[in-house]
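Remarks on the structure that follows.
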Amino acid sequence: MRDSTVDIASTLAGEVKPLLPTSKDSNDDSAGWSARRIAVIVVTTGTYVIGIMPVHLSIPLVPILEDDSGLLWSKSNTHILLLVVPFMEGIGLIALGPLADVCGGACAMSWYLGTAAVALVIVALASEPRFIIAAFMVGMLVRGIAWPAVTKILSE
């Protein structure tokens with residue numbers, strides 16, 4: 001039985017072991033999840049939880065936006081925001097999701113994190129509800145594009 005640690009030289013040389021055992025590996029009792037595969041999944045999940053999930057702040061921000069008297073936020077703005085956020089994410093996922101295959105998973109995820117950071121700055125500085133809604137629309141569109149990139153990273 002082999003040691004389950006990853007050989008750094010073989011990893012750097014580009015040897016990638018399949019996740020599921022193949023017919024050639026049926027005699028090998030060490031088939032399963034390699035340490036490299038587990039590390040990729042942990043890092044990707046951590047990046048998603050730390051970098052992507054907190055950026056989806058449109059819904060938790062609604063009570064704060066409604067309470068701000070200087071912002072002139074109305075119930076109709078709340079309705080528009082709640083309608084537009086899933087719609088734009090769906091458009092990005094369905095219509096533009098294949099862009100993640102073109103530019104690569106890490107590039108698409110980095111592009112989304114940058115766009116989300118700019119959107120949060122716009123939300124923080126904007127005094128007009130339409131700019132806040134537009135910033136969330138763009139952020140959610142790019143988030144829809146980036147979601148296939150996360151699955152692409154996991155499948156590599």
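Just so you know, residue 1 is the first one in the sequence shown, and it goes up from there. The basis for the numbers below is simple: all heavy atoms, side chains too, and nothing from hydrogens, waters or symmetry mates.
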Side chain to side chain contact (heavy atoms under 4.5 Å, CB included) partners for [X], two or more places apart:
| X | answer |
| --- | --- |
| E66 | V62, W73, K75, T78 |
| F87 | I91 |
| A108 | A100, C103, A149 |
| M137 | V84, M88, I133 |

Could you tell me which non-hydrogen atom of V123 sits nearest to which non-hydrogen atom of A135, and how far apart they are?
CG2-CB, 4.1 Å

Can you name the nearest heavy-atom pair linking L71 to E128, along with the distance?
CD1-N, 4.3 Å

Could you go through the side chain to side chain contact (heavy atoms under 4.5 Å, CB included) check for I145 and L93 one step at a time?
CA-CA 5 Å; I145 296 168; L93 182 61; over 6 Å; no

Using a side-chain heavy atom cutoff under 4.5 Å and only I, L, V, M, F, W and Y, what cluster partners does I122 have?
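Grouped by the 4.5 Å side-chain rule, V118 form the rest of the cluster around I122.
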
Starting from L125, walk the hydrophobic network (Ile, Leu, Val, Met, Phe, Trp, Tyr; side-chain heavy atoms closer than 4.5 Å) and list everyone else you reach, by chain and number.
V121

If I take atom CZ from residue R143 and atom CH2 from residue W111, how far apart are they, to the nearest 0.5 angstrom?
15.0 Å

Distance (rounded to the nearest 0.5 Å) between D68 CG and I132 CD1
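These two atoms lie 8.0 Å from each other.
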
According to a hydrophobic-cluster definition based on side-chain heavy atoms being under 4.5 Å apart (Ile, Leu, Val, Met, Phe, Trp, Tyr only), do I80 and F131 belong together?
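Each belongs to a different hydrophobic cluster.
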
Quick one: salt bridge (charged side-chain N to carboxylate O under 4.0 Å, His left out) pairs with a partner in residues 111-121, sequence neighbours left out?
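Passing the test, one end in residues 111-121: no pairs.
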
So, using side-chain hydrogen bond (donor to acceptor under 3.5 Å, both in side chains) as the criterion, who are the partners of S76 when residues are at least two apart?
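Applying side-chain hydrogen bond (donor to acceptor under 3.5 Å, both in side chains) to S76 gives S74.
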
